[in-house]
Amino acid sequence: MPESWSYRSQFHLLLVLGRRFTPTSSPDGLIGMPKRLCYSNAARYAQNHRAEGVVYAEGFALTHDGLDFYLPHAWVVRSDGSVLDPTWDDAPGRAYVGIPVTNSRLWPVEGGGLLHEIDRTLPLLRDGFPADAVADLGRPLTSEGAP
């Protein structure tokens, strides 16, 4: 990446802005949205439930017991920093690390994620997120990412 860019990679972006979130069970009655469409699932869920104070988040999630690996993933974060995962309805992940995005114009309602689709990732690496586009939810990963 050029020296003038804000971030060297999506992993650098995640390290600086990323937060840790608390896994929670899905609410009763939540029917999982289509598998392998976590980015649009989370974005649509967040859009449809904005009045509840949720925001879209994207990063990596540690799968539930038995699988034991981190996957690129997207979910919704409640105002208390807990996760609501509209894609993994059978069991929530055991750990979620990502960026909570408040700016709904950035939410990938159609297509891939902010950190994994090159057309969305490159502008963020070059320019960073717009002012006030990242929520102060969850726990910082590093002191560099702390407010």
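Quantities reported herein were computed from a predicted structural model and do not represent experimental measurements.
Listed by chain and residue number, Y39, E58, F60, P72 satisfy the side-chain contact (heavy atoms from CB on, under 4.5 Å) test with H116 (two or more places apart in sequence, or in another chain).
A side-chain donor from one of R78 and T24 sits under 3.5 Å from a side-chain acceptor of the other.
Between I99 and L14 the shortest side-chain heavy-atom distance falls below 4.5 Å. The shortest distance between side-chain heavy atoms of V101 and V55 does not fall below 4.5 Å. Residues H49 and L84 are not in side-chain contact: their nearest non-hydrogen atoms beyond the backbone lie 4.5 Å or more apart. Taking the side chain as every heavy atom from C-beta outward, R19 and P140 approach each other to under 4.5 Å. Between L114 and T121, every side-chain heavy-atom pair lies at or beyond the 4.5 Å cut-off.
R120 contributes a side-chain N or O that, together with a main-chain N or O of G112, makes up a donor-acceptor pair within less than 3.5 Å. Under a 3.5 Å cut-off, the side chain of R94 and the backbone N or O of T63 do form a donor-acceptor pair. Judged by distance alone, the side chain of S79 and the main-chain N or O of G53 form no donor-acceptor pair under 3.5 Å.
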Under 3.5 Å, sequence neighbours excluded: what are the donor-acceptor pairs made by side chains of residues 122-135?
none

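From L71, atom CG reaches atom CG of L62 across 9.0 Å, with rounding to the nearest 0.5 Å. Here CZ of R8 is found 9.0 Å from CG of L15. Values are rounded to the nearest 0.5 Å. The line from OH of Y56 to CD of Q47 is 11.5 Å long, rounded to the nearest 0.5 Å.
Residues G113 and P108 come closest through the heavy atom pair CA-CG, 4.2 Å. The nearest pair of heavy atoms linking A57 to P100 is CB-CA, 4.0 Å.
Between W75 and F21, the two ring planes are perpendicular [angle over 60°; tilted spans 30° to 60°].
The hydrophobic clustering, which links ILVMFWY residues whose side-chain heavy atoms are closer than 4.5 Å, places L37 and V109 apart.
Applying the side-chain contact (heavy atoms from CB on, under 4.5 Å) test between Y45 and each of D85, T87, V76 identifies V76 as the sole match.
Every pair passing side-chain hydrogen bond (donor to acceptor under 3.5 Å, both in side chains) that includes a residue from residues 104-115 is listed here, sequence neighbours excluded: R44-E110, R50-S104.
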